[in-house]
Amino acid sequence: MIVTDNSLYALAILAQKQNDDRALMEIIKRFEPKIKRSLQQTGYNNKEDLEQYIKLNMIKIIRSYDLNSLPSLTDYINLESQTA
Amino acid sequence: MVKSASKDSLLFHFLNDSENEKKYKSYIRHPTKENKDDLEFAFKGFVFKIRFAVYISKTIHGLSLNYDQKENKFLERNQLILDKPLESGGTMSDLLLVTPYNNLDSEHHLLDMITNDALAIAISQLNDYQKLILEYSYLYELKDTEIAKLLGKSQQSVSQAKKRALNKVRELMERGPINDSNRQ
């Protein structure tokens with residue numbers, strides 16, 4: 001599949017399938033505000049360590065996230081009409 | 001089917017985006033494989049964005065809690081303040097600091113405390129005076145002046161005796177116990 005846009009999904013595919021570090025960085029960058037907010041609750045001395053710890057774990061998650069488990073639109077519509 | 005999608009359904013939110021709606025409409029009009037793939041990709045991306053964002057947010061929160069717990073545990077085990085009262089009573093310094101034998105008694109001897117055989121043998125070959133000085137100096141951690149006062153000698157003679165005793169120990173250890181017993 002040719003990835004043309006810069007959606008989160010497209011970036012995740014790039015990061016996983018092509019080991020694209022810039023895509024990986026971009027994903028992390030998009031969650032930067034959330035990371036920054038969670039740093040506020042820890043002590044001043046630990047902020048940088050925690051930031052590194054979170055980012056390290058994010059890299060692990062991005063690389064290992066199961067992209068195949070996402071439902072296709074067809075699956076989803078079938079499921080909806082069954083339950084409805 | 002899509003028209004009937006309720007306002008809180010995933011589908012409704014998906015099609016609420018004009019870009020996605022355009023893709024959906026072009027697929028309905030021209031149901032080609034390309035249009036379908038395009039639509040499916042957009043949908044997967046949409047679902048991914050939601051799921052991933054939720055997952056990451058929860059993880060970040062969990063990680064920072066987890067980190068703080070670890071940090072607190074570390075600080076608890078590596079106290080910087082030792083005279084803070086503990087739950088169990090007393091302070092950390094009471095638990096940590098080993099108080100040297102400050103009462104001179106005849107029950108504790110330097111030789112009993114030594115686990116190194118060569119060193120023990122060497123010390124056992126010193127004379128009683130030298131043994132006593134080493135005992136006072138290293139077991140009871142007395143200063144030379146204190147030992148001198150105890151023994152009624154001058155500080156200089158205690159220092160010299162100690163120096164000689166240590167030299168002898170070194171000599172005996174370097175020579176080894178076997179040769180030594182031959183010599184004596």
Side-chain angles (χ1 to χ4, degrees), chain A residues 1-13 15-16 27-28 30-43 45-62 64-84, chain B residues 1-6 8-15 17 19-25 27-28 31 33-75 78 80:
Chain A
M1 199 178 297
I2 305 143
V3 179
T4 48
D5 58 337
N6 62 346
S7 70
L8 204 59
Y9 182 48
L11 288 170
I13 291 175
Q16 272 195 14
I27 296 174
I28 293 175
R30 292 192 187 184
F31 284 95
E32 201 80 47
K34 172 73 192 166
I35 298 174
K36 286 274 179 290
R37 217 174 314 137
S38 78
L39 293 182
Q40 283 169 11
Q41 53 93 43
T42 195
N45 290 329
N46 303 326
K47 284 196 197 307
E48 286 186 348
D49 283 349
L50 178 58
E51 188 175 347
Q52 197 174 17
Y53 179 62
I54 289 174
K55 285 181 178 172
L56 179 74
N57 278 282
M58 278 185 70
I59 292 173
K60 282 184 193 161
I61 291 171
I62 294 165
S64 64
Y65 193 91
D66 186 5
L67 292 173
N68 297 322
S69 70
L70 295 167
S72 72
L73 185 57
T74 335
D75 293 342
Y76 183 74
I77 290 173
N78 287 339
L79 200 80
E80 275 260 296
S81 52
Q82 267 172 30
T83 50
Chain B
M1 202 180 308
V2 172
K3 284 264 150 53
S4 73
S6 60
D8 56 341
S9 82
L10 195 61
L11 221 47
F12 176 82
H13 288 290
F14 175 64
L15 294 174
D17 185 298
E19 200 62 27
N20 292 337
E21 197 183 6
K22 220 164 71 192
K23 281 175 183 157
Y24 175 72
K25 279 181 177 158
Y27 171 63
I28 294 293
K33 188 174 181 305
E34 273 143 58
N35 281 343
K36 189 183 176 191
D37 284 349
D38 212 23
L39 182 64
E40 289 286 19
F41 187 78
F43 183 72
K44 281 192 175 181
F46 179 74
V47 175
F48 175 75
K49 199 174 144 189
I50 298 170
R51 282 193 186 175
F52 191 72
V54 171
Y55 181 49
I56 286 285
S57 297
K58 279 186 181 164
T59 308
I60 290 175
H61 181 68
L63 285 174
S64 48
L65 288 185
N66 186 291
Y67 183 86
D68 272 5
Q69 273 174 7
K70 259 199 235 163
E71 184 66 19
N72 287 340
K73 198 180 245 177
F74 179 83
L75 288 177
N78 299 277
L80 291 176

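Just so it is clear: chains get the letters A, B, ... in the order the sequence lines come, proteins before strands, and each one is counted from 1.
By number of non-hydrogen pairs under 4.5 angstrom with chain B, the leading residue of A:I62, A:N46, A:I35 is A:N46. When each of A:L39, A:L50, A:I54 is checked for heavy-atom pairs under 4.5 Å with chain B, A:L50 comes out on top.
Residue pairs meeting the side chain to side chain donor-acceptor pair (under 3.5 Å) criterion with at least one partner in residues 50-60 of chain B, sequence neighbours excluded, are absent.
In this structure, chain A has heavy atoms under 4.5 Å from both the backbone and the side chain of B:F48. With a 4.5 Å cut-off on non-hydrogen atoms, A:L67 touches chain B through its side chain but not through its backbone. Contacts of B:A53 with chain A are made by both backbone and side-chain atoms, with heavy-atom separations under 4.5 Å.
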Hey, can you pull the donor-acceptor pairs under 3.5 Å for the side chains in residues 63-70 of chain B, sequence neighbours left out?
residue: B:S64; atom: OG; partner: B:I60; partner atom: O; Å: 3.1
residue: B:S64; atom: OG; partner: B:H61; partner atom: O; Å: 2.9
residue: B:N66; atom: OD1; partner: A:Y53; partner atom: OH; Å: 3.3
residue: B:D68; atom: OD1; partner: A:T42; partner atom: OG1; Å: 2.7

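Salt bridge annotation for B:E21-B:K25: present, with a cationic side-chain nitrogen under 4.0 angstrom from a carboxylate oxygen. A salt bridge does not link B:K33 with B:E40: none of the charged nitrogens is closer than 4.0 Å to a carboxylate oxygen.
Taking CG from B:L15 and CZ from B:F43, the interatomic distance works out to 9.0 Å, rounded to the nearest 0.5 Å.
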